[in-house]
A.B. asks: 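This is the structure I have questions about; it appears just below.
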Amino acid sequence: MPKLLKKLSLLAVAGAMAWTSSVRAQDAASSPAAAMSPAAATSPAAAPDAAPAAAPSATPQQPDSVAYPPGANAGTATDLQWPIPADSTSVNPDGKGKVTNDELIANVAHNKVSINLVWTLVTGFLVMFMQAGFALVETGLCRAKSAAHVMATNFMIYGLGMLGFWICGFAFMFGNYWNGPVPIGWQPTLGQGLALLNSGWSITVGGKTLGLLGLKGFFLSPSVFDTAVFTLFLFEMVFMDTTATIPTGCMAERWNFKHFIVYGFWVGMFPYAIYGNWVWGGGWLAQSGINWGLGHGAVDFAGSGVVHMCGGVIALAGGLAIGPRLGKYGPDGKPRAIPGHDIPMVMLGTFILAFGWFGFNPGSTLAGTDNRIAIIAVNTMLAGAAASVGTLLTMYLVTGKPDPSMLCNGLLAGLVAITAPCAFVNSLGAVILGFIAGVIVVFSVFFWERVVKVDDCVGAISVHGVCGCWGVLSVGIFANGTYGAGWGGVHKLFKDGAWTILNNDATPATLKKYAELTGTGATGGWTDVGVTGILGKYFGAPAGDVSQFGAQFLDVCALAIFVFCFSALFFWLSNFFVKIRSNREDEIAGLDVPEMGVEAYPDFQLTDKTSPQIG
């Protein structure tokens with residue numbers, strides 16, 4: 001063995017020396033001097049009949065670490081031949097030999113769209129990972145005997161909901177996206193391919209057009225086979241998945257898995273998509289600014305309402321339909337505690353969710369080139385932090401103990417609340433509304449459990465439903481007018497203490513008037529103010545806007561009524577075909593083996609000491 005190692009070492013040394021000699025020879029051969037023969041290099045003049053010396057070769061390409069200036073390989077005119085071929089001689093022998101202005105514009109535009117596509121996809125990946133956070137939070141807050149069942153609902157909602165969204169949910173939600181109300185000069189951040197989403201169903205009431213449903217993009221058909229559309233699909237699909245998984249926590253430990261499968265398809269196909277169309281797909285709530293003068297229409301930047309409140313309202317309908325867990329309420333009707341089996345798991349899941357929120361909120365710009373992402377990210381952090389402190393203080397005042405699981409819900413409540421206003425408020429507004437959410441969630445949990453008697457295993461109705469509602473309303477309270485000019489097709493112009501409103505109808509007359517009002521002429525000097533709330537003046541806006549709160553209030557009312565009624569109808573009808581609740585005996589024993597066929601913790605003897613006595 002020593003002899004073999006010695007031979008291998010000698011071979012390695014010899015190989016390294018040979019490689020070094022080869023590299024030196026290549027470097028020497030590539031230098032300008034090496035291109036000449038030795039005689040020509042040393043002789044003052046070559047013989048008259050000698051062949052002409054070869055022209056010096058171009059300087060060889062060097063890595064960035066030795067090239068000057070540093071980063072020289074980052075890009076040159078040569079790189080503009082791809083992906084948009086430049087009119088250069090290397091591509092076209094008859095070309096001009098240089099990059100034209102049109103080619104430069106095409107490449108810059110391509111890069112801008114590419115940055116936005118990559119940003120939206122990567123942030124969508126972060127939101128997708130939030131599913132792991134939901135799974136850990138919900139499983140940890142439930143009993144060990146049903147842990148595999150709860151984890152499986154969080155796992156399978158991803159596939160079931162996605163396929164439902166692919167079948168028709170995306171088409172219903174965004175099929176008419178291109179025809180929604182937009183600011184003057186707006187262009188889609190993901191590229192012109194979004195113009196393919198141009199078909200929907202609307203009605204006319206009192207001369208006003210009300211969008212109700214998109215009708216293009218079913219099964220992501222060839223008619224929408226476009227990078228912009230597919231990027232939008234991925235991003236909105238993972239948002240749908242968040243909505244879909246919220247009820248799995250509320251209804252845990254007694255939900256028949258077969259009924260859950262039916263629910264998984266339904267939630268991806270209908271409720272989130274239909275309501276989402278009204279706000280994000282250019283529907284009637286988004287049009288409420290143009291149609292009825294309600295601010296900029298319903299504004300929900302990243303989904304306090306579209307995603308979270310929608311999921312919370314579905315959870316409320318499901319919780320009422322399925323009933324409480326066995327033993328949750330005693331003979332006197334008072335609620336009894338059923339502690340979760342793994343608080344560290346809950347806290348880990350909460351941190352994963354908080355991390356994923358950096359995709360949820362900043363990603364909703366759909367543009368890595370929108371520098372507002374920095375404001376959004378910081379506001380998101382601050383609101384979550386303030387909410388956790390608000391919950392901490394409230395729990396000390398109410399119960400004398402902080403309760404780690406409630407602290408987790410407090411953090412999530414703040415993140416839910418900031419999701420709608422994250423782009424429209426300053427840091428102080430984010431802290432205030434986050435702190436309020438942290439207080440609200442505590443009293444909301446007690447209210448649903450003690451007064452309404454809904455057994456919500458994880459507090460989903462309070463965290464997502466109630467605090468999602470608060471988030472939507474807070475846009476109409478704290479928005480400071482620094483972002484969202486022209487949102488919903490409404491330009492609210494301010495000058496000398498007065499407002500004037502200009503709706504974008506895309507006519508030449510409107511465009512000309514906008515240019516005059518915002519210009520420097522005699523009739524100009526008007527400032528195009530973004531989304532502004534009632535208290536906007538105290539957070540940086542030139543004045544408050546009561547009408548925006550009206551749009552937000554209409555939004556939450558429409559959401560609560562439609563989603564609750566639609567969901568209650570689904571749970572009631574579907575129960576006739578596949579029963580919603582698991583068998584009593586299976587629920588008592590734990591749903592892992594009876595419904596899933598495996599135990600979550602087969603190597604541990606479960607005592608189930610936390611379950612209350614069942615009469």
A.B. asks: Which atoms form the tightest heavy-atom contact between W357 and T419, and what is the distance?
C.D. replies: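 Nearest heavy atoms, W357 then T419: NE1-OG1, 3.0 Å.
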A.B. asks: Between T139 (side chain) and L136 (backbone), is there a donor-acceptor pair under 3.5 Å?
C.D. replies: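 No; zero donor-acceptor contacts below 3.5 Å.
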A.B. asks: Do L411 and L407 pass the side chain to side chain contact (heavy atoms under 4.5 Å, CB included) test, and can you show the C-alpha distance, the side-chain angles, and the key distance before you say yes or no?
C.D. replies: CA-CA 6 Å; L411 177 67; L407 295 179; over 6 Å; no
A.B. asks: Counting N and O atoms only, with roles assigned by atom type, does the side chain of S288 sit under 3.5 Å from a partner on the main chain of W284, one being a donor and the other an acceptor?
C.D. replies: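 Checked: no pair found.
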A.B. asks: Taking the side chain from N116 and the backbone from T189, do they hold a donor-acceptor pair closer than 3.5 Å?
C.D. replies: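 Between the backbone of T189 and the side chain of N116 there is a qualifying donor-acceptor contact (under 3.5 Å).
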A.B. asks: Kindly check if the number of other-residue, nucleotide or ligand heavy atoms within 6.0 Å of CZ (F351) is above 12?
C.D. replies: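 Count not over threshold, so no.
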A.B. asks: Do the non-hydrogen side-chain atoms of V267 and F570 ever get within less than 4.5 Å of each other?
C.D. replies: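 In short, these two side chains do not touch, never coming nearer than 4.5 Å.
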A.B. asks: Assess whether atom CZ of F257 is packed by more than 12 heavy atoms of other residues, nucleotides or ligands within 6.0 Å.
C.D. replies: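 More than 12 within 6.0 Å, yes.
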A.B. asks: Is I461 close to S444 at the side-chain level, that is, under 4.5 Å between some pair of heavy atoms?
C.D. replies: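 No, too far: nothing below the 4.5 Å cut-off.
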A.B. asks: Just how far is it from atom CG of N154 to atom OG1 of T245, taken to the nearest 0.5 Å?
C.D. replies: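 One finds 4.0 Å between CG of N154 and OG1 of T245.
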A.B. asks: If only atom types and distance count, is the side chain of K453 paired as donor or acceptor with the main-chain N or O of G333 below 3.5 Å?
C.D. replies: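 Yes, because the side chain of K453 sits within donor-acceptor range (under 3.5 Å) of the backbone of G333.
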A.B. asks: As a quick check of understanding, evaluate ring pair (Phe, Tyr, Trp, His ring centres under 6.0 Å) for Y601 and H341, giving each step before the final call.
C.D. replies: CA-CA 12 Å; Y601 307 106; H341 80 282; 5.4 Å; yes
A.B. asks: Under a 3.5 Å distance rule, please check whether Q552 uses its side chain to pair with a backbone N or O of V472 as donor and acceptor.
C.D. replies: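 Here the side-chain-to-backbone pair exists.
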A.B. asks: Tell me whether T153 contacts the main-chain N or O of V150 through its side chain, where contact means a donor paired with an acceptor under 3.5 Å.
C.D. replies: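 Side chain of T153 to backbone of V150, a donor-acceptor pair under 3.5 Å: yes, one is there.
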A.B. asks: Run through L213, L212, N277 and flag the one making a side-chain contact (heavy atoms from CB on, under 4.5 Å) with F172.
C.D. replies: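 Single side-chain contact (heavy atoms from CB on, under 4.5 Å) partner of F172 among L213, L212, N277: L213.
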A.B. asks: What is the distance from atom CG of D555 to atom OG of S304, rounded to the nearest 0.5 Å?
C.D. replies: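 It is 10.0 Å, given to the nearest 0.5 Å.
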A.B. asks: Applying salt bridge (Lys or Arg N to Asp or Glu O under 4.0 Å) as the test, list every pair that has at least one member in residues 587-603; sequence neighbours left out.
C.D. replies: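 Passing the test, one end in residues 587-603: R581-E587.
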A.B. asks: Less than 4.5 Å apart, side chain to side chain, heavy atoms only: is that true for H259 and I322?
C.D. replies: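 Side chain of H259 against side chain of I322, heavy atoms only: no contact under 4.5 Å found.
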A.B. asks: Kindly determine whether V458 and D456 satisfy side chain to side chain contact (heavy atoms under 4.5 Å, CB included), including the steps that lead there.
C.D. replies: CA-CA 6 Å; V458 302; D456 183 352; 4.0 Å; yes
A.B. asks: Do the side chains of Y483 and V531 get nearer than 4.5 Å, heavy atoms only?
C.D. replies: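 No, their side chains stay 4.5 Å or more apart.
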A.B. asks: Once the angle between the rings of Y263 and W266 is folded into 0 to 90°, is it parallel (under 30°), tilted (30 to 60°) or perpendicular (over 60°)?
C.D. replies: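 Aromatic pair Y263/W266 classed tilted.
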A.B. asks: Distance-only criterion, 3.5 Å: show the donor-acceptor pairs between side-chain atoms of residues 422-441 and protein atoms not counting sequence neighbours.
C.D. replies:
residue	atom	partner	partner atom	Å
N426	OD1	L428	N	3.3
N426	OD1	G429	N	2.9
N426	ND2	F539	O	3.2

A.B. asks: Determine, step by step, whether F446 and S462 satisfy the side chain to side chain contact (heavy atoms under 4.5 Å, CB included) criterion, reporting the C-alpha distance in whole Å, the side-chain angles of both residues, the deciding distance to 0.1 Å, and the verdict.
C.D. replies: CA-CA 9 Å; F446 294 154; S462 299; over 6 Å; no
A.B. asks: Compare every heavy atom of S405 with every heavy atom of L141, then report the nearest pair and how far apart it is.
C.D. replies: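 The answer is CD2-CB, 3.7 Å.
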A.B. asks: Nearest 0.5 Å please: distance from the CZ atom of F219 over to the CD1 atom of I167.
C.D. replies: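 Rounded to the nearest 0.5 Å, the CZ-CD1 separation comes out at 5.5 Å.
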A.B. asks: What's the separation between atom CH2 in W255 and atom NZ in K579, rounded to the nearest 0.5 Å?
C.D. replies: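 The CH2 atom of W255 sits 15.5 Å away from the NZ atom of K579.
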A.B. asks: Is a side-chain N or O of Q548 found less than 3.5 angstrom from the main chain of G297, in a donor-acceptor match?
C.D. replies: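 Yes, because the side chain of Q548 sits within donor-acceptor range (under 3.5 Å) of the backbone of G297.
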A.B. asks: Below 4.5 Å, heavy atoms only, C-beta onward: do I588 and L326 meet side chain to side chain?
C.D. replies: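 Yes, close enough: below the 4.5 Å cut-off.
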A.B. asks: So which atom in A383 and which in I418 form the shortest heavy-atom distance, rounded to 0.1 Å?
C.D. replies: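 Taking A383 first and I418 second, the nearest heavy atoms are CB-CB, 3.5 Å.
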A.B. asks: Measure the CD1-CD1 distance between I246 and I314 for me, rounded to the nearest 0.5 Å.
C.D. replies: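 The CD1 atom of I246 sits 8.0 Å away from the CD1 atom of I314.
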A.B. asks: Okay, side chain of D300, backbone of G305: is any donor-acceptor separation there less than 3.5 Å?
C.D. replies: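 Yes; judged by distance alone, with no hydrogens or angles, the pair exists.
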A.B. asks: When rounded to the nearest 0.5 angstrom, what distance separates CZ in F571 from CG in L320?
C.D. replies: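 So the gap between those two atoms works out to 10.0 Å.
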A.B. asks: Measure the acute angle between the ring planes of H308 and H464, then classify it against the limits of 30° and 60° as parallel, tilted or perpendicular.
C.D. replies: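 H308 and H464: parallel rings.
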A.B. asks: Can you say whether the rings of Y275 and W278 are parallel (under 30°), tilted (30 to 60°) or perpendicular (over 60°)?
C.D. replies: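 Ring orientation, 0 to 90° scale: perpendicular.
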A.B. asks: Run the side-chain donor-acceptor check on residues 227-244: report pairs under 3.5 Å with partners two or more places apart or on a different chain.
C.D. replies:
residue	atom	partner	partner atom	Å
T231	OG1	T227	O	2.8
T242	OG1	V238	O	3.4
T243	OG1	V307	O	3.0

A.B. asks: Report, as yes or no, whether the 6.0 Å neighbourhood of atom CZ on F562 holds more than 12 heavy atoms from other residues, nucleotides or ligands.
C.D. replies: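 Counting neighbours around CZ of F562, more than 12 heavy atoms of other residues, nucleotides or ligands fall under 6.0 Å, so yes.
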A.B. asks: Do you know which two heavy atoms are closest between A273 and M269, and how far apart they sit?
C.D. replies: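 Heavy-atom minimum between the residues: CB-O, 3.8 Å.
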A.B. asks: Does anything in residues 424-451 pair up under salt bridge (Lys or Arg N to Asp or Glu O under 4.0 Å), and if so which pairs, sequence neighbours excluded?
C.D. replies: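 Passing the test, one end in residues 424-451: K328-E449.
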A.B. asks: Could you go through L353 and L415, starting from their C-alpha distance and side-chain angles, then the distance that decides it, and tell me whether this counts as side chain to side chain contact (heavy atoms under 4.5 Å, CB included)?
C.D. replies: CA-CA 9 Å; L353 287 170; L415 294 171; 5.7 Å; no
A.B. asks: Do F165 and L220 make a side-chain contact, defined as non-hydrogen atoms from C-beta onward lying under 4.5 Å apart?
C.D. replies: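 No, side chains not in contact.
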A.B. asks: Testing R336, R143, E253, R325 one by one against S611 for a side-chain hydrogen bond (donor to acceptor under 3.5 Å, both in side chains), which residue passes?
C.D. replies: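 The side-chain hydrogen bond (donor to acceptor under 3.5 Å, both in side chains) with S611 is passed solely by R143 among R336, R143, E253, R325.
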A.B. asks: What pair of heavy atoms forms the shortest contact from A302 to S364, and how long is it?
C.D. replies: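 Reported closest heavy-atom pair: CB-OG, 3.3 Å.
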A.B. asks: Could you pull out all residues at least two apart from Y396 that satisfy side chain to side chain donor-acceptor pair (under 3.5 Å)?
C.D. replies: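 Partners of Y396 by the side chain to side chain donor-acceptor pair (under 3.5 Å) criterion come out as none, since no residue qualifies.
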A.B. asks: Does H149 have its ring centroid less than 6.0 Å away from the ring centroid of F260?
C.D. replies: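 Here the rings of F260 and H149 have centres that are no less than 6.0 Å from each other.
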A.B. asks: If you compare all heavy atoms of P594 against all heavy atoms of G590, which two are closest, and at what distance to 0.1 Å?
C.D. replies: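 Shortest heavy-atom separation between P594 and G590 comes out as CD-O, 3.0 Å.
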A.B. asks: Using a 4.5 Å cut-off on heavy atoms from C-beta on, say whether the side chain of V127 contacts that of T123.
C.D. replies: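 T123 vs V127: side chains apart.
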A.B. asks: Hey, is the main chain of G410 close enough, under 3.5 Å, to the side chain of S388 for a donor-acceptor pair?
C.D. replies: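 Answer holds: no.
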A.B. asks: Do any N or O atoms from the side chain of D370 and from the backbone of T365 form a donor-acceptor pair under 3.5 angstrom?
C.D. replies: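 No: the side chain of D370 does not pair with the backbone of T365.
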A.B. asks: Which pairs with one or both residues in residues 257-281 pass salt bridge (Lys or Arg N to Asp or Glu O under 4.0 Å), sequence neighbours excluded?
C.D. replies: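 Matches after skipping sequence neighbours: none remain.
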